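Fair warning: this is a prediction, and the values are worked out from it, not measured in the lab. Side chains included, hydrogens not; waters and symmetry mates left out as well; all remaining heavy atoms used.
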Amino acid sequence: MVPEPLDCDSPHQAEFVGAYVEERLSFRDLQSNHDAVHDRCRSELARYAGVPDDGDLQYRAGTIYTYPTAADWLDGDRTIRCFVWRADPLLTR
C-alpha cells in the first residue's frame, strides 16, 4: 500500500525518506524477513532526518515500505522505497 500524497503542510502520517537496492535477500526472503527491511529503512530515515542511526530510533518513529512486484524483481528492480510513519504527533513538514 502506497500512502496517499498530501501537501507538506497538511498533517500526515507517512513521508518518503529514501530508497535502497536490496542485494542480500531473495524476493521470497524479502516477503518473510520484515525486520531486516525495517532495519534498512530506519537507516534511510536516520540519514534523511539527520538523527543517530541507533537502537533508539525504532522507538521514536516507525517505518513502512513498498517493494517491486515479483515480475519486476525478476527483471532486476530490487528497489525498496522507505517511508517514516508516525501516528502521533502527525508530521507537519
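With values rounded to the nearest 0.5 angstrom, Y20 atom OH is found 11.5 Å from R81 atom CZ. Separating the OG atom in S26 from the CD atom in Q31 is a distance of 8.5 Å, to the nearest 0.5 Å.
Taking the side chain as every heavy atom from C-beta outward, Y67 and L25 never approach each other to under 4.5 Å. Within the 4.5 Å cutoff, the side chain of L30 has heavy atoms near those of the W73 side chain. With contacts defined as side-chain heavy-atom distances shorter than 4.5 Å, the pair F16/C82 does not qualify. Put simply, the side chain of F83 does not reach to within 4.5 Å of the side chain of L45, judged on heavy atoms.
Of all non-hydrogen atoms in P68 and T79, the two that sit nearest each other are CD-O, 3.2 Å.
Screening residues 17-31 for salt bridge (charged side-chain N to carboxylate O under 4.0 Å, His left out) gives no qualifying pairs among residues at least two apart or on separate chains. Screening residues 32-41 for side-chain hydrogen bond (donor to acceptor under 3.5 Å, both in side chains) gives H34-Y65, H38-T63, D39-R42 as the qualifying pairs, with residues at least two apart or on separate chains.
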